[in-house]
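Side-chain atoms are counted along with the backbone in the values below, which use heavy atoms only and exclude waters and symmetry mates.
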Amino acid sequence: YQAPDAVTNGADFKMAVSLSGSQSASYIEDHVSLQEWNRYHALCQAIRHYDWPSGQRNKNAAWYFEPYYTPENDYLGLMWTLPYDLDASWGPNWNKGEDIVFVAVFANRPDRDPLLTAYYNEIREIRDLLWQKDQIEPLLDYHAAKILPFMEADRVRWYNAPSDAGSYRGLSGAGIRGLDALVKDMKDFAFVGGSWPGGSVGTGGRATFLDGLADRTEGSYIPNQPRIAYVGAPGFPGNDLRFESSAFDDPQGRSNFAALKWRVGEVDASANADAEKRRTGYQVPAHSLPLNTFKLEIAALWEQERVHFDPSVTIPGSVIAPGHVYRVRCKMKDKTGRWSHWSNPIQFVAGGSANTGLRAALHFTELMYHPADAPDSSAFEDNAFEFVELQNTGSATLDLSGLSLSGGIKFSFQDADVTQLAPKAFVLVVKDRAAFAMRYSRDLLDRVAGEYTGRLSNGGETIILTDY
């Protein structure tokens with residue numbers, strides 16, 4: 001499959017079938033979207049989608065070339081591998097899944113280490129966030145319910161058809177006994193184990209297999225799994241979702257820290273069904289909801305990565321909705337690029353906003369909406385000198401990280417330069433930091449939280465300060 005402006009001489013296909021272990025890691029990175037392939041093949045490992053003889057080049061397959069054209073990839077784009085022959089998965093299996101990219105990535109060369117590190121990082125990601133019973137089993141039930149209304153008609157068509165019209169008479173397997181039996185068989189494959197054509201799956205199913213694969217070659221090198229704790233107000237209010245992680249812990253020592261990453265994912269499809277009931281007045285079965293309302297944890301609502309260690313984080317309330325169910329996790333990376341497993345999750349039902357004193361203590365004290373004109377020689381436009389000033393008139397320090405400005409201007413205090421405001425202190429949000437320093441004072445720059453987008457209307461408008 002080609003994107004717009006792709007070559008017309010088949011050079012992209014020729015490149016794909018010529019991939020090999022003899023090529024450099026940089027060549028593979030230039031020509032293959034390894035981020036996409038790593039996730040694709042991690043899922044192949046999970047469902048045992050292996051129907052590819054090792055390195056075979058004339059195997060039926062599906063590829064797509066992303067329109068990322070560079071001199072390094074000869075303007076061919078980045079190769080993606082797409083699913084194919086999915087009948088050989090979820091139990092029945094032949095071969096080892098060693099496709100053309102696999103053979104190139106797993107070549108015994110020193111320059112492959114970073115590629116393998118990224119691959120095993122993705123295995124851990126899939127295992128930790130997706131290949132869990134409370135994620136996979138409801139997902140199987142969800143899709144089974146989708147096909148249930150027409151499943152029997154489809155079964156009769158294929159089972160009773162004459163051979164020249166296509167029939168699966170003579171085949172065996174759980175699906176012959178019905179949809180319930182097939183779904184149970186898939187769940188056993190994922191988390192129990194058993195025997196299928198092409199080879200058995202050990203105790204614990206493919207979950208146990210993924211555990212071994214994720215850590216088999218890197219177990220003594222990857223950072224230890226962090227622990228997290230909730231330290232916010234009781235009830236998980238949207239404006240006080242504060243969490244802390246344990247210290248970085250790595251077999252090579254704590255000086256090997258490179259990054260820390262937090263994430264929030266929504267879970268529990270029933271919460272969405274309940275929301276539909278409140279909106280429409282009747283209960284909607286989970287299987288009849290649109291797929292995008294079926295929430296899987298791996299679909300992150302919010303992520304934050306830091307390259308300097310700080311165990312504390314505040315989740316912005318803007319990404320959650322009261323009454324919905326969420327999971328927060330953290331993972332850590334060392335200087336070799338290896339990520340730890342994600343922490344065990346903290347699951348919670350989001351509450352409303354807590355009374356933090358912001359409404360009583362935080363006030364607009366100045367809106368510079370029509371500053372004096374810029375000199376003719378100035379490089380700045382007149383509105384570059386606009387700013388908004390807020391002051392804490394109370395007696396306690398205020399946390400601003402959950403606040404945002406909207407209306408004529410837009411600004412979020414999440415990750416702003418100023419997120420804590422001491423009693424009687426003020427904070428500035430400006431249109432242009434350089435213009436502000438030139439006209440007013442560089443001494444005030446340490447009070448500037450950041451630059452907003454938009455502009456203040458000289459004719460009047462509403463500016464909204466929101467606390468999530």
Side-chain angles (χ1 to χ4, degrees), residues 1-89 95-107 109 111-112 114-123 125-126 129-130 139 143 146 261 263 265 290-294 296 298-303 305 337 339:
Y1 297 93
Q2 293 181 308
D5 302 317
V7 296
T8 59
N9 61 1
D12 45 6
F13 173 80
K14 294 175 184 177
M15 180 280 297
V17 298
S18 68
L19 284 172
S20 72
S22 64
Q23 292 156 336
S24 68
S26 60
Y27 180 90
I28 296 170
E29 290 175 304
D30 288 337
H31 289 82
V32 178
S33 178
L34 288 177
Q35 180 179 1
E36 298 296 332
W37 183 84
N38 287 342
R39 175 148 295 195
Y40 158 80
H41 204 266
L43 292 169
C44 287
Q45 297 282 19
I47 67 174
R48 200 162 72 167
H49 177 43
Y50 283 177
D51 193 10
W52 194 306
S54 182
Q56 183 173 319
R57 301 182 185 281
N58 60 350
K59 175 76 172 68
N60 55 316
W63 296 314
Y64 165 70
F65 290 87
E66 179 185 350
Y68 181 74
Y69 304 123
T70 67
E72 290 75 19
N73 65 31
D74 303 310
Y75 302 99
L76 300 177
L78 287 175
M79 171 186 166
W80 294 26
T81 302
L82 305 180
Y84 58 93
D85 281 358
L86 287 172
D87 57 320
S89 60
N95 302 308
K96 297 181 179 180
E98 296 178 354
D99 64 13
I100 294 173
V101 179
F102 182 96
V103 171
V105 168
F106 277 79
R109 291 174 51 124
D111 67 351
R112 294 308 197 258
L115 306 191
L116 296 177
T117 291
Y119 177 79
Y120 289 116
N121 282 341
E122 192 61 40
I123 297 289
E125 184 90 355
I126 292 296
L129 300 179
L130 178 64
L139 188 61
H143 286 288
K146 286 285 188 183
K261 190 172 187 178
R263 76 183 318 274
L291 183 59
N292 62 5
T293 69
F294 189 92
L296 290 170
I298 197 169
L301 294 177
W302 176 86
E303 294 180 319
E305 184 173 332
W339 283 100

Checklist entry - Which heavy atom in Ala25 sits nearest to a heavy atom in Asp111, and how many Å separate them? => result N-OD2, 2.9 Å
Next on the checklist: For Ala3 versus Tyr64, what's the shortest heavy-atom pair and its separation?
Outcome noted: CB-OH, 3.8 Å
What residues form a side-chain contact (heavy atoms from CB on, under 4.5 Å) with [X], not counting sequence neighbours?
X      : answer
Ala107 : Arg109, Arg112
Ile47  : His49, Ser89, Trp90, Trp131
Ile298 : Arg39, Ile126, Leu129, Leu130, Leu296
Pro114 : none

Checklist outcome for this item: Quick note, salt bridge (charged side-chain N to carboxylate O under 4.0 Å, His left out) partners involving residues 15-35, not counting sequence neighbours, are none
Next on the checklist: With salt bridge (charged side-chain N to carboxylate O under 4.0 Å, His left out) as the rule and sequence neighbours excluded, what pairs involving residues 53-69 come up?
Outcome noted: Lys59-Asp85
Checklist outcome for this item: Sorted by chain and number, sequence neighbours left out, ring pair (Phe, Tyr, Trp, His ring centres under 6.0 Å) with Tyr27 holds for His31
Counting only pairs under 3.5 Å, give me each side-chain donor-acceptor contact of residues 11-19, with atom names and distances, residues two or more places apart or in other chains.
{"residue": "Asp12", "atom": "OD2", "partner": "Gln2", "partner atom": "NE2", "Å": "2.7"}
{"residue": "Ser18", "atom": "OG", "partner": "Lys14", "partner atom": "O", "Å": "3.1"}
{"residue": "Ser18", "atom": "OG", "partner": "Met15", "partner atom": "O", "Å": "2.8"}

By side-chain hydrogen bond (donor to acceptor under 3.5 Å, both in side chains) - contacts of [X] (at least two apart):
X      : value
Glu125 : Lys331, Trp342
Trp37  : Asp99
Tyr40  : none
Asp51  : Asn95

Next on the checklist: Would Tyr50 and Gln45 count as a side chain to side chain donor-acceptor pair (under 3.5 Å) here? Give the steps.
Outcome noted: CA-CA 8 Å; Tyr50 283 177; Gln45 297 282 19; 2.4 Å; yes
Using a 3.5 Å distance criterion without hydrogens, assess whether the side chain of [X] forms a donor-acceptor pair with backbone atoms of [Y].
X      : Y      : value
Asn73  : Leu78  : no
Asn121 : Gly337 : yes
Gln23  : Ser20  : yes
Asn38  : Glu122 : no

Checklist entry - More than 12 foreign heavy atoms under 6.0 Å from CD of Gln35: is that the case here? => result no
Got a second to check how far [X]'s [atom1] is from [Y]'s [atom2], nearest 0.5 Å?
X      : Y      : atom1 : atom2 : answer
Tyr75  : Tyr69  : OH    : OH    : 12.5 Å
Phe65  : Met79  : CZ    : CE    : 6.0 Å
Leu116 : Phe106 : CG    : CZ    : 5.5 Å
Tyr119 : Thr117 : OH    : OG1   : 13.0 Å

Checklist entry - After noting the C-alpha distance and the side-chain angles of Trp52 and Phe102, does the key distance pass the ring pair (Phe, Tyr, Trp, His ring centres under 6.0 Å) rule? => result CA-CA 11 Å; Trp52 194 306; Phe102 182 96; over 10 Å; no
Is [Y] close to [X] at the side-chain level, that is, under 4.5 Å between some pair of heavy atoms?
X      : Y     : result
Pro67  : Asp5  : no
Val101 : Leu34 : yes
Leu82  : Trp63 : no

Item to check | Chi angles and distances behind the side-chain contact (heavy atoms from CB on, under 4.5 Å) call for Tyr68, Thr70 | outcome: CA-CA 7 Å; Tyr68 181 74; Thr70 67; 3.5 Å; yes
